[in-house]
Each structure stands twice: as structure tokens, then as C-alpha cells.
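To start, the structure itself, in C-alpha cells.
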Amino acid sequence: MSIWVSNETRLLVQGITGNEGEFHAIGCRDYGTQVVAGVTPGKGGQEVQGVPVFDSVAEARAKTECNATMIFVPPPFAADAIMEAAAAGVELIVCITEGIPVNDMLKVKAFMRDFPGSRLVGPNCPGVITPGQAKIGIMPGHIHTPGSVGVVSRSGTLTYEAVWQLSNAGLGQSSCVGIGGDPVNGTNFIDVMTAFAADDDTEGVILIGEIGGSAEEDAARWIRDNYEKPVVGFIAGRTAPPGRRMGHAGAIVSGGEGGAEEKMATMRECGLHVVESPGEMGATMAKALGK
Amino acid sequence: MKIHEYQAKEILRRYGVPTPKSQMTREAAEVPKIAESLGGRCVVKAQIHAGGRGKGGGVKLAKDPAEAGELAEQILGMQLVTHQTGPEGQQVKTLLIEEALDIAHELYLAITLDRETGKPVMMASLQGGMDIEEVAAENPDAIIKQHFDPHLGLLPFQARAVADGLELKGGTSRQAQKLFAALAKAFLDTDASIAEINPLLITGEGDVLALDAKMNFDSNALFRHKDIVEMRDFDEENPLEVRASEYGLNYIKLDGNIACMVNGAGLAMGTMDIIKLYGGDPANFLDVGGSASQEAVKNAFQILVDDPAVKAVLINIFGGIARTDRIARGVVGAIEELGNVSLPVVVRLEGTNVEQGRQILADADFDFIVATDMDDAAKKAVDAAGGA
């Protein structure tokens, strides 16, 4: 009853010797994730709170059979870290780093076409969690409860908000995926919806979008054609002025594209339960599920 | 990051994009001499970051150096209002004096990133000078599009296709194809997010030049472009936004009177939206960062209360990794440190240790308006600011 992350996950942390990397590696381990290795080039042989550090992802993979990685490498080097993980065959690559140049991500996308066995989530995202089993990311684990509602979102704290509302309404979560706030990312809404659709135990999904691009419209049309369970949708940024980047590099209305009203209208037409207020995500899901 | 027309033309010339002869100045007294050196007849162009300068009266043709001097006197220092500046306009501090060329045709040319395909796309249209958004709305088929590989650049056959679409022939077409390839290289090399030439000029002799130029850059890539960072013009930015960026805060000034302080970009947008939903108007977007440290909260608060339009403050923090009680202490500490805060402050804290957090707010010397959830917070903030 989950997607992508479970108690079978064997996690590598790239950039584990940095402050953030260490803090969140231990945070994941405390939540129950098997954190089996770290990588920082040039620091192989060290240990971080009992986690062995290797010089390369290939070495870490060979010695620990890690099948997922969490990346905390600084922006100028993060694209390289993602490609190294893909080349080493790591199945799930979760990149937390914020601030990677778009051109670097275009390189990553092109490179990863040769490695269809690797999935990138992010960058600039909170990560993926399967409550009660394991988490890969920076989300606060204890606000989650195991259950059957999926959450997918472009934003971090707004995801926590949705999870909190669900948990308080007595609704647990199957898995929660932050796909990140950048204009070019690895996993999109449709990828996550496809995975939730294949998971019998996920009974409904909260989908949280933002202004910018047209990924939400594409997802809404996919849901109309492929998904029968309830989906609650919210789009942040109705009040954002055009041409201004609202924090996330991808959250910008430009060229007459990416406005919140249009996205919400498309989602409604496609049968999603669209909420006007982000305060109503949990209650609306409870109603849609008849709980 | 945005730059001026004259700076964009400087960059494009380095890549081989032809531009009219021109010179930048900040002194009206120098303009007649510059005009003389450009052949007398010239165009005086206000340099501000916003578009629509011509319609706003910031671009004027002078028949001789004396008139150029007079126009420069008029334009320098004026508050130029365009559809992109807002009603208060933007003060003109720099001019570009440019030779006046014989115009046969004006075309549109631009490159931007297409997020859906993950590729840069060159867009061109026969309707130069017009807003591309208007063309796209009225007649989308009139826009010629060529997606190209970011690592190979614009290939010769793609440049030919754009030139053919623009109905260019012979030497003019060949000049244009060279220009297209040069623009694509400039776009990729500089990590631009937009490179726009509007209008692209075809002269009576059939020469092709960039009559205007606009470039925006990916702020995430500026670490590898020191020369572009130096082109930043702080006069073009809101002073509160400049201060916020020095503190590493993500702040955007808006027109309303309810200031917001939120952790996380998505939740910050959501908070603005919910204020509007209850009939209020947000004064800003502000993301204090995931951890919302006392230092960040204090700096953010100072910026919010320095905006004279603000009538109430709404703090909406979801304490995740950072515990709510610690954030509450940060908020109280920041307000005590600032002293004399007289605005109503609505606080909505949620997440870990929320009971202790609310207790800390209740025990503080300052009279916080405590809200229980996002809807409640928005209603209270709208009331505190004087109602919908």
C-alpha cells in the first residue's frame, strides 16, 4: 500500500558530510528508513553517525546494494550527482537541492533517457514518504499517519498542510510525493498518478499545483481518462501578478500561460474536486470518500 | 534577472547579432554630440526594464541633434508609465541614443524555454512590434515555432525554416539565418530565460538588425556569469525587495494592505489566495524559508512594517522540522526586539508542539491575534485590516 518507497528501500545519501545532508540522513533513519551509505567525493572511508561514506555512487552501490538516493549536493554540482546516480543504476533518485540552473536540468533529462530504470524525483522538492515505513526527504515524519490517501504536490509546506489536515480528519496517507517547484523536473504529476492508479490501496489523491506551465492541466485530462477514484485539487497562486517568479523558479505566469483560474477550470471540467481555499483540502477529501 | 536594452544589445553584438549604431548616456547635455556622431537623425530611447516604452512616450525620433537634446531633457527623469510598470511608473535614468534607420519591415523574434518539451523554442512572426501574446491570442498559426536541442543549438535547416516562414529571400534570408543562430548561441551560453528581438528590422536595402532587444536570465545560473551579475540595476527594483534579497528572503511587493509572512513558497501563495478569498488584499509575497529562524523572522518583520500601505500582518507558519514552540519564541523575540510594533498581528501556527507554541504567544507582552487554522487566520487578518 505505497508507491516507490517502503521498508525495502536501501537509502544512499549524496552529500552526507554536509550539515543538511547529515541532519536529514539521520532524520530519515530515525523515521525507520534503512540508511545504508553516504557519498562525498574525497571523503570515502569516513563514517557519519555510523553510516559508511564512499567516494562514488558506483562504489556505494556495489558494496551496500542501495536502491535509492537522496541528494543534498550544492546547486553547481547537483546535476552531476544526479547523473552519477543514474549511471550507477540507482532506481530512485530524490534530489532535494534547490537552485539548479535550468540548462543543467536539460542536460540531466537528456542523459537520463539512456537510463530508463532510474526515476528522478525533484529537484527542489521535499521528497517521498510512505508513512509508517520509510521516508526519503526533509518532511516532518510525525505529522503523517499510515493510510490510503495519496498526496502529490509541487510545494513543500503546502504538502505538509494537506497531510496535517488529512491526519486530523482521521485519514492516513499511502504515500506523499513532492515533485518540486522547478520548471524542468524528473517526475511529473502524471507519473505519480500512474503509480497511485496501480496501487489498489490508494483510495483517493490530493493533487496540489501551482501557477506556471501546464502540468496540472495535462494531469487533469489524464485523470479524466484514466482514474476513477476521487481527486481533490488545489492550485496556489491565484493572486500572483504575471511575470513575477513566486519563490519557486517554476511558479511564474508568463506569455499568457500558467494562470491559476485556467488550471482550476480545467481541473473542474475533468471531474476533480477543486477547493478554493487551501484550508479545505482535508475536509473535502473526507467528504469525497464519504468519511 | 532582467537587464536593459543597451546591455542586451552589448551581449548580442558579442555573438554577432547586428544592431543599429548607438550609445548609452545618463547626461542630456551629451546627447546632441552623440546624435551628431550617429548622423544627426536619431532615436532617443528611455532605458527601463518594463516593456511598452514606445507607447508610454519613452521612445522618440529626433530629426537633428538639437531636437535630440530637447527630447533627452524631456525623457530623462520622467516617470515613464507603461502597461508593465504599474500606475506610478518608473523613473528614467538612462538613455540609448540610436541611429535612425530606414524601416521596410518589422518582424518578431524570440527564444524561450518550452517547459512541456524541455527544449528551447525559437518563435517568430511577421507582426513585429506587436505584443506576441496578442498575436498568440488572435492568430496562433501566425507564430512560427522551431524547438531546438539545447546541446546542438539551432541547426542550419531550422534557421532556414524560420527564415522561410518569415518570407525572407536571398541575401536578407542569409543574414537572418546567421542572426537566428547567433541569438540561439547567446541564449544558451548566457543561461537566458528569454531573448527577444521585437522588432527585428528589415531595412530598405534588405539588411537585418535587432532594433530592440530584451534578455532575462535564469537566476539559478548567475553563479557562472559574473559579467551579467554586474549589469544588475538596483534602481529598477523595489527597494524593499532589494533589502529582502540581501537577507536571503524571498519577497515580492504587491498592492494590498495585509502583509504576509509564511514559510515555503507554495504555502505563501496559498496564504495570499485565501486572503483574497475572504475579501482582503495581500501586501506582499514573503517566504521566510523552511526553518523560519528568529533572525529570518525579525528581518522579515522589519521589511513588512516598513511598507506604509500595511494595515495588518498575517504570520502563517507550518512548523515541521522546526518545532512550533521554537518558531513562536522567534516571533515573540523579534517583536520584542523591534519594540513599538503597533499593527495588529494575526498568527496562525500549526504543526509539531503547537499547544506550547500557542501558549508562548498567549504569555507574550504583545497582544497577538491567535488563529486556529488558515481560514480563521485569513478572516481575522481581513477584519484587522479594516474589513473587506
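All chains are named by letter (A, B, ...) in the order of the sequence lines, taking the proteins before the strands, and each is independently numbered beginning at 1.
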With a 4.5 angstrom heavy-atom cut-off, which part of [X] approaches chain B: side chain, backbone, both or neither?
{"X": "A:I208", "result": "neither"}
{"X": "A:N188", "result": "neither"}
{"X": "A:I100", "result": "backbone"}
{"X": "A:E161", "result": "both"}
{"X": "A:A110", "result": "side chain"}

>> Out of B:Q84, B:K276, B:E116, return the one with the most heavy atom pairs under 4.5 angstrom to chain A.
In response: B:E116

> With no hydrogens and no angle check, is any side-chain donor or acceptor of B:D218 less than 3.5 Å from a backbone partner on A:V102?
Replying inline: yes

>> Using modelled atom types and a 3.5 Å cut-off, is there a donor and acceptor pairing between side-chain atoms of A:T157 and backbone atoms of B:N263?
In response: yes

Between [X] and chain A, which part of the residue has a heavy atom less than 4.5 Å away: side chain, backbone, both or neither?
{"X": "B:L254", "result": "side chain"}
{"X": "B:N220", "result": "both"}
{"X": "B:L113", "result": "side chain"}
{"X": "B:D375", "result": "side chain"}

> Which residues from residues 72-82 of chain A are near chain B, with near meaning under 4.5 Å between non-hydrogen atoms?
Replying inline: A:P76

> Is there side-chain contact between B:R224 and A:P101, with heavy atoms separated by less than 4.5 Å?
Replying inline: yes

>> What verdict does the side chain to side chain contact (heavy atoms under 4.5 Å, CB included) test give for A:R238 and B:L277, after you've listed the backbone C-alpha separation in whole Å, the side-chain angles of each residue and the deciding distance to 0.1 Å?
In response: CA-CA 10 Å; A:R238 283 177 103 166; B:L277 193 66; 4.3 Å; yes

> Does the pair A:R245 and B:S219 meet the rule for a side chain to side chain contact (heavy atoms under 4.5 Å, CB included), with working shown?
Replying inline: CA-CA 10 Å; A:R245 167 186 155 158; B:S219 354; 3.4 Å; yes

>> Are there over 12 heavy-atom neighbours, none belonging to A:E20, within less than 6.0 Å of that residue's CD?
In response: no

